[in-house]
Structure formats: C-alpha cells, structure tokens
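Down below is the structure, laid out as structure tokens.
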Amino acid sequence: MKKRHLALLSAIVMTVTMMAQTITVTQADGTTKQISAADAGNMTYSQTDGTLTIGGQPYVVANIDVDTENANIATSSVAGTTDAAKRLYRYFRNNYGKRIISSVMADVAWNHSLAEKIKKNITGKWPAMNCYDFIHICVPDGNGWIDYSDITPVTEWVDKGGIVQLMWHFNVPVDADTTPGTNGSGVTCSPDKTTFKASNALVDGTWENRYFYAQMDRVIAVILKLQEAGIAATWRPFHEAAGNATAKQQANWTKAWFWWGYDGAETYKKLWIAMFDYFKQKGVNNLIWIWTTQNYNGNSANYNQDTDWYPGDAYCDMVARDLYGYTAAQNAQEFTEIQATYPNKMVVLGECGWDSNDKTGKPQGDIVECWNAGAKWGHFMVWYDGSAGNKSGTMVSDAWWTSAMKKENTGIVVNRSLVKY
C-alpha cells in the first residue's frame, strides 16, 4: 500500500481536504487511531496548541498516514463488477451525506420527456438521473408502442452525462390462460386481480415459474445490452413489498399491495434472492441493487417494522423509502429511523410526490428543507402524473422543482451538469 507521510512541521497551519477512505493518526502518546474519510472533512493543524483537528475533533499528534493509492475509492460486494458499475457506486458513496442527487421518473417508462420538460419549461437544468420502468416489458414484441430492445433513449441520456435508474413493476397475467395484449391488457401487479401465486413462481413446472423466468430473461436481455454499451444503473425491483401486511391489528385490508409480497416475507425474500442469483448467473454485472422499506408505513403506533422483509446486506446496496405528501420533518424522521435500522447501507428517497390519496392534494416537502431538517437522502426520484396540471407533468409543483434546482442550492442538489463519475 502506497502511503504519504505528512510531517507536522512547526510554525505552519495547514488545511488538507482528505479524499482517502481511512486516515491513521499517530498521537503524541504513541497510540494510533483510524478515522474514516467520511468523518474527517477538513484537517487543520495549529502551532499554538499543537493539535490537529479532523472533522471537529482535536488530536495531539506525531504524524498521520494517508492511503493515497486507494484514495477516493469505495467498493461494494453487492454492486456489479463492471468498471461503469464501480464508478457509479463510488460516485453515490462519495456524495452520500454531502449532496442529494436529483431524479425523475420517465413517463411511460422508456424516454426522457419529463426530464426535458423540467429543463426546458421550468428550471433550465436537467435532473441528474432518469428512472426507466420495465412495467411494459410483458407486452409482446412488435406492439408499435414500446421497444425495450432499442436502448437509444438510455444511451442518449448517458451520452449527455446523466445517470440511469431502472425499476420494475413486474406485471403478471390475470390467470394461466391469459396472454398479455399488445395494448398492455390482461396483466396486473395487484394480487387480488390475478391467480398468480408468488410462492409458485419458485416451484419448477408451474405456470408461474415459467412466466417468472421468461420475464426475467426479457429484462436481462435489455440490461445486458446496456452493459455491453458500458452503462451501469441502479436497480429497484419488488418495491414496497409489505404493503399493509405489517399492521399490528390485522383486518381484511392489511395485505400486501403487490403480488410479490402477497405470500409473506419469507416467500418475498426468496423471490428477491432468486432474481439476484439469476441475474448474476446470466452475466448481469452492471447494477446497483436497491431494496425499498415501508418503515412502519409512517405510523409506528399501528404498524410493525418490515425488517423481516429485508433480503439482507448481501443482496442490496441501498435502502429506499417511497414518501408522498410528507413534510420536511417527517422526511427527517423517516431518514433517521431507516439509517439507524440499516447502518451499512446508503438510504435514498426511492419515490416522492404529492399525496394523491389526500383530498387536499397534500404536497411533498421542499427537498432543500428536507435536507436541512436532517433527511440527507442519497438521491430523490419524483414520480410522474399526467393529471398533476403542472408544466413538468410530475407529482410535485413547478415551484418544488424550481426550489430544488435553483443555482444557490446546487451545493446540495445535484443536477445533470454537475454529475462527474
């Protein structure tokens, strides 16, 4: 390991911004202490009292060793192994807790039209990330609607410096005899509208098993095309799995919202791991995996935590939360609770927007106010809604976007022009 020794000469005052992962401080009494770069911040030395201050903590020191060979490198045992995946993961990790990376959901899954509206109609700036959904991958080829095999919308985005997000509302047929229509008919995510059983998806010979793997193959084919093009992405499948199933008082409405959670936590975790292993088996190595928590559904008095649904540290890189109509204070509470529950993972705002279930149209808290309140999400992603009535077509107001992306906030909120990885 190559290291740089910094002698603390007398009569100097120095400030060094540390970019290494760890700093080893040898104190005056001969003992050593390791400090993570994330906690270090700026380093200052004062001749007056002979102390070195790192991240606000004073040390009386003899010398420090800084790992410069591996400086600014963050790695993950979960994220993909392609160079693009490593760089993207490092970018997220190095920005985590310092800046929030902006994103918007792609309207109808395979374009960047809403991102363009935000730039052209409202803020003059592109969101840093665009999120594509494989929700229509089940529609037969040649439908004249969406051609996922044409990755041009994604390569265009990346070529302009943008980051790619991928998610999947995994639609299934309403029953074993239904073939998805070219207009997207005959499929659903809702467990009460299909006979598809999540537990059967893991049983060889069942129609659910055949469909489960056939659909994964369709998605994998597209992701491998992205991988071959040198593109990495975040990947958020099987989101919001618990739904209302963690309610402390069970009733006929305390069910999972999607089929992948309907057979309970153990089946859900097996589904996640089956997908994770199958993707790896097929050579997919360009993804950063994100799991979405319900976190008490915002009401710890009436809901249990959904930790039983967590697939484990070995199967995800980030933990997301989807919040609609939450104030800055509520965002901060959610972030703090999730970070405490999953201390080894980056915590992100997987989806956000106004609460369409609220009769008053309760808005999502201003993202800068959320950050200042303590909700230091790694990134946010605003959902789309064509009926929102604003220029962006997303589930926040134009004023929300303007506040997020205005010039004085770029030190907090990352737009596409600021992305460097």
Aromatic plane relationship, Phe258 with His169 - under 30° parallel, 30 to 60° tilted, over 60° perpendicular
perpendicular

When every non-hydrogen atom of Pro180 is compared with those of Pro140, the smallest separation belongs to O-CG, 3.4 Å

Check: Trp168 side chain, Val219 main-chain N or O, donor-acceptor pair, under 3.5 Å = no

The salt bridge (charged side-chain N to carboxylate O under 4.0 Å, His left out) partners of Glu240 (sequence neighbours excluded) come to none

Here the pair of heavy atoms bringing Ala241 nearest to Ala256 is O-CB, 3.4 Å

Q) Is a donor on one side and an acceptor on the other found under 3.5 Å between the side chain of Thr206 and the backbone of Val203? A) yes

Can Tyr303 and Asn244 be counted as having a side-chain donor-acceptor contact under 3.5 angstrom? yes

Can Met167 and Phe238 be said to form a side chain to side chain contact (heavy atoms under 4.5 Å, CB included), step by step? CA-CA 8 Å; Met167 66 174 297; Phe238 294 147; over 6 Å; no

Residues pairing under salt bridge (Lys or Arg N to Asp or Glu O under 4.0 Å) where one sits in residues 151-161, two or more places apart or in two chains, turn out to be none

Hits for side-chain contact (heavy atoms from CB on, under 4.5 Å) against Lys225, two or more places apart or cross-chain, chain-then-number order -> Ser149, Ile151

Exam field: side chain Asn304 to backbone Lys248, donor-acceptor pair closer than 3.5 Å:
no

Identify each donor-acceptor pair in which a side-chain atom of residues 367-380 lies under 3.5 Å from a protein atom, sequence neighbours left out, and give them as a table.
| residue | atom | partner | partner atom | Å |
| --- | --- | --- | --- | --- |
| Asn372 | ND2 | Val368 | O | 3.3 |
| Trp377 | NE1 | Asn331 | OD1 | 3.1 |
| His379 | NE2 | Gln165 | NE2 | 3.2 |

- Message: Counting neighbours of NZ on Lys120 that are heavy atoms of other residues, nucleotides or ligands and sit closer than 6.0 Å, is the number greater than 12?
- Response: no

Of all heavy-atom pairs linking Tyr132 and Ala106, the shortest is CD2-CB, 4.2 Å

To the nearest 0.5 Å, atom CG of Asn285 lies from atom CG of Asp83 at 11.5 Å

When rounded to the nearest 0.5 Å, the distance separating CD1 of Ile163 from SG of Cys131 is 12.5 Å

Separation between OG (Ser392) and CG (Asp385), nearest 0.5 Å, reads 10.0 Å

With sequence neighbours left out, the residues meeting ring-ring contact (aromatic ring centres under 6.0 Å, His included) with Tyr148 are Trp110, Phe134

d(Asn302 CG, Thr254 OG1) to nearest 0.5 Å is 12.0 Å

Result for side-chain contact (heavy atoms from CB on, under 4.5 Å) between Ser102 and one of Val413, Leu418, Val419 points to Val413

If we ignore hydrogens and angles and just use 3.5 Å, is the side chain of Thr336 paired with the main-chain N or O of Ala332 as donor and acceptor?
yes

Less than 6.0 angstrom separating the ring centers of Trp289 and Phe279, yes or no? yes

Phe170 ring center near Trp259 ring center (under 6.0 Å) = yes

| query | Looking only at side chains, do Asn286 and Thr82 share a donor and an acceptor under 3.5 Å apart? | reply | no

query = Donor-acceptor pair, Asn297 side chain versus Gly243 backbone, under 3.5 Å?
reply = yes

Give a yes-or-no answer on whether the side chains of Thr293 and Asp306 include a donor-acceptor pair shorter than 3.5 Å. yes

(message) Determine whether a donor-acceptor pair (N or O, by modelled atom type, separation under 3.5 Å) exists between the side chain of Arg218 and the backbone of Ile137.
(response) yes

Smallest heavy-atom separation, Ala198 atom then Leu271 atom, equals CB-CD1, 3.8 Å

So salt bridge (Lys or Arg N to Asp or Glu O under 4.0 Å) across residues 188-215, not counting sequence neighbours, yields Lys197-Asp263

Closest heavy-atom pair, Glu351 versus Tyr324, reported as atoms and distance to 0.1 Å, is OE1-OH, 2.6 Å

For residues 214-234, the ring-ring contact (aromatic ring centres under 6.0 Å, His included) pairs (sequence neighbours left out) are none

ask   = So, Thr410 side chain and Lys407 main chain: donor-acceptor pair closer than 3.5 Å or not?
value = yes

ring-ring contact (aromatic ring centres under 6.0 Å, His included) filter on His136, not counting sequence neighbours, yields Trp145

Exam field: side chain Asn171 to backbone Ile135, donor-acceptor pair closer than 3.5 Å | yes

(message) Working note: Trp257 + Tyr262, criterion side chain to side chain contact (heavy atoms under 4.5 Å, CB included); need CA distance, chi angles, decisive distance, verdict.
(response) CA-CA 7 Å; Trp257 301 337; Tyr262 202 66; over 6 Å; no

Exam field: side chain Asn95 to backbone Lys98, donor-acceptor pair closer than 3.5 Å
no

So OH of Tyr268 and CD1 of Ile273: to nearest 0.5 Å the spacing works out to 10.5 Å

ask   = Are Trp291 and Tyr310 close enough that their ring centres sit under 6.0 Å apart?
value = yes

Heavy-atom closest pair (Gly353 atom, Gln364 atom, distance to 0.1 Å) is O-CB, 3.3 Å

When rounded to the nearest 0.5 Å, the distance separating CD1 of Ile231 from CD1 of Ile223 is 12.0 Å

Residues 337-349 vs side-chain hydrogen bond (donor to acceptor under 3.5 Å, both in side chains), sequence neighbours excluded, gives Tyr96-Gln339, Asn295-Glu337, Asp313-Asn344, Gln333-Glu337

inquiry  = Could you check whether atom CD of Gln249 has more than 12 heavy atoms from other residues, nucleotides or ligands sitting under 6.0 Å from it?
reply    = no

**OP:** Indicate whether the side chain of Ser76 and that of Asp317 have a donor and an acceptor atom separated by less than 3.5 Å.
**Re:** yes

Less than 3.5 Å apart, any donor N or O on the side chain of Thr292 or Arg321 sitting next to an acceptor on the other? no

Which of Trp272, Phe212, Tyr213 passes ring-ring contact (aromatic ring centres under 6.0 Å, His included) with Tyr278? Answer is Tyr213

Would you check if the side chain of Asn111 reaches a backbone N or O of Asp107 as a donor-acceptor pair within less than 3.5 Å?
-> yes

So salt bridge (Lys or Arg N to Asp or Glu O under 4.0 Å) across residues 267-281, not counting sequence neighbours, yields Glu266-Lys269

Taken in chain and number order and not counting sequence neighbours, the residues that satisfy ring-ring contact (aromatic ring centres under 6.0 Å, His included) with Tyr91 are Tyr421

Sorted by chain and number, sequence neighbours left out, ring-ring contact (aromatic ring centres under 6.0 Å, His included) with Trp126 holds for Trp157

